[in-house]
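What follows is a single structure, written as structure tokens, with notes after it.
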Amino acid sequence: MSSQPTAVLNGTSVTNGEHDSGKKKTAISQARATNENLENAFNPRTYVVGSSKFSREYLRERLNRSILHEFSIDEQKARIELAAAYRMAAKNGWLESIYNHITCNVEGPNGECYLLINPFGLNYREITASSLVKIDFDGNTIHPGVVGDIFGINKAGLIIHSCIHRARPDVRCVNHNHNWAVAGLSATKNGLIELAQTTHITGEVAYHDYEGIVISNDEQERVVRDLGNKDVMILRNHGLITCGPSVGAAYYHAYTLCAAAEMQSHACSMAFNKSDLIIPDDRLIQLSMNIAKNFNETSMGTLEFAAAMRELDYDQDHSNYPNYRN
């Protein structure tokens, strides 16, 4: 009986028959490789914790898609404005990692009222108009956007927003963040002091006492009660809520409140005690508040937010992030 010739395969001596068999097994295994297996294959250049679907490479393709044509013109506008508000929040430092929310209500084809909210997991700098998730007031997904199937939403964050949208039909947008200056201010007994003109522009401020991390619907009634008909509220030991009839109005209220908190922080750090602070008379404070409400012919926040959107457009010319307008 003649012996078969041998060859070396991966450092092991095998016969020709075994060598051919090894080639066939390799070809079969490659043919059977699924997309999922290829996605999960380790690549040191794209690796991130959790899932390959969280990688920049995977998400960039999704976030560069625009599905705005699927929505009404009014919803397209709302999506672009809300995406811009998230980008400006990131630019201004009003974010805490992937947490906090800005919501905007939109109308369905039969008059239903839905909310747009950020996918829970995207950095604010990644959010695009088409990535926003459309939900009902109970947090059920109506449209996932381009990445909602990967991230979903943070339902705990919806608790504050949904109750305000329900109770205040005049409110189109609710902005919530943990800006450090406001969060610090929220832990002081005096709260916001009407020190500077910017504080007066912010308008009347409501307060809501801290009840721990908001995870229960039981708190919703007290949030609505404390906010009343105001558009600005400081959450004690927590952060801020601003709202308004437009995304721009809610944005500008947040802008002035954050600026006022920083001014107060600077002033208090320079004063020996409260008696060293120069606080305008109540009459002048009220006068400034009334003037600020009708300072421009356009509605509150319109000119300011249009300028912010242009700023983002200029930034986009030099950015590797997906265009917020997508």
Side-chain angles (χ1 to χ4, degrees), residues 85-102 123-125 157 160 164 173-214 223 226-228 230-244 247-293 295 300-301 304-305 307-308 311:
Y86 277 105
R87 295 294 184 98
M88 286 306 300
K91 190 177 177 70
N92 294 334
W94 306 343
L95 74 168
E96 195 167 54
S97 184
I98 59 173
Y99 299 94
N100 306 160
H101 305 281
I102 313 171
N123 184 300
Y124 277 20
R125 293 177 180 86
I160 293 176
I164 295 173
C173 179
V174 177
N175 191 323
H176 169 56
N177 70 59
H178 299 169
N179 170 265
W180 291 1
V182 177
L185 175 69
S186 75
T188 65
K189 291 182 178 179
N190 285 317
L192 188 66
I193 304 173
E194 302 289 354
L195 290 173
Q197 181 171 286
T198 301
T199 316
H200 311 157
I201 294 172
T202 302
E204 295 183 13
V205 177
Y207 292 87
H208 175 69
D209 288 338
Y210 187 60
E211 299 185 26
I213 294 177
V214 183
V223 168
D226 292 341
L227 178 63
K230 297 181 176 67
D231 291 333
V232 179
M233 184 159 70
I234 291 175
L235 305 174
R236 296 282 191 188
N237 309 99
H238 186 171
L240 67 84
I241 286 177
T242 62
C243 54
V247 175
Y251 165 81
Y252 192 59
H253 281 312
Y255 178 89
T256 57
L257 179 57
C258 291
E262 289 191 29
M263 291 175 190
Q264 183 168 323
S265 175
H266 288 306
C268 290
S269 69
M270 298 175 189
F272 290 105
N273 50 55
K274 191 175 179 180
S275 63
D276 287 332
L277 298 173
I278 301 173
I279 303 174
D281 293 339
D282 290 343
R283 178 184 63 83
L284 296 176
I285 292 171
Q286 193 59 54
L287 178 64
S288 293
M289 285 184 178
N290 292 336
I291 292 173
K293 290 177 182 176
F295 190 72
M300 166 73 77
E304 296 86 353
F305 196 59
E311 184 177 349

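Predicted model, so just to flag it, every value in this text is computed and none were measured.
In this structure, Tyr251 and Trp94 have tilted ring planes: the angle between them lies in the 30° to 60° band.
Put simply, the side chain of Thr256 gets close to the backbone of Tyr252: a donor and an acceptor are under 3.5 Å apart. A donor-acceptor distance shorter than 3.5 angstrom exists from the side chain of Tyr86 to the backbone of Ile102, with no hydrogens or angles considered. When atom types are taken as modelled, the side chain of Asn100 and the backbone of His178 share a donor-acceptor pair closer than 3.5 angstrom. Thr202 contributes a side-chain N or O that, together with a main-chain N or O of Thr198, makes up a donor-acceptor pair within less than 3.5 Å. Checked by atom type and distance alone, the side chain of Tyr124 never pairs as donor or acceptor with a backbone atom of Ser97 at under 3.5 Å. Remark: the backbone N or O of Val182 is not paired with any side-chain donor or acceptor of Gln264 at under 3.5 angstrom.
For the pair Cys243/Leu227, a side-chain contact is recorded, criterion being any heavy-atom separation below 4.5 Å from C-beta on. Proximity of Asp231 to Met300: side-chain heavy atoms (C-beta onward) are nowhere separated by under 4.5 Å. Between Val232 and Leu240, every side-chain heavy-atom pair lies at or beyond the 4.5 Å cut-off. In this structure the side chain of Asn175 never reaches within 4.5 angstrom of the side chain of His253, judged on heavy atoms. In this structure, the side chains of Ile160 and His101 stay at 4.5 Å or more apart for every pair of heavy atoms.
For the atom pair Ser186 OG and Leu192 CG, the distance stands at 11.5 Å (nearest 0.5 Å). The CD atom of Glu194 sits 6.0 Å away from the OG1 atom of Thr199 when rounded to the nearest 0.5 Å. Rounding to the nearest 0.5 Å places NZ of Lys91 at 4.5 Å from CD of Glu311. Atom-to-atom distance recorded for Lys230:NZ and Tyr207:OH is 10.5 Å, nearest 0.5 angstrom. Interatomic distance, CZ of Arg236 versus CG of Leu185, reported as 8.0 Å (0.5 Å rounding). To the nearest 0.5 angstrom, Met263 atom CE is 11.5 Å from Cys258 atom SG.
The two residues Ala267 and Leu195 have their closest heavy-atom pair at CB-CD1, 3.9 Å.
Other residues, nucleotides and ligands place no more than 12 heavy atoms under 6.0 Å from the CD atom of Gln197. Crowding of Tyr255 atom OH: a count of heavy atoms from other residues, nucleotides or ligands under 6.0 Å not exceeding 12.
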**Request:** Evaluate the criterion side-chain contact (heavy atoms from CB on, under 4.5 Å) for residue pair His176 and Leu235; output intermediate values, then yes/no.
**Result:** CA-CA 10 Å; His176 169 56; Leu235 305 174; 3.6 Å; yes
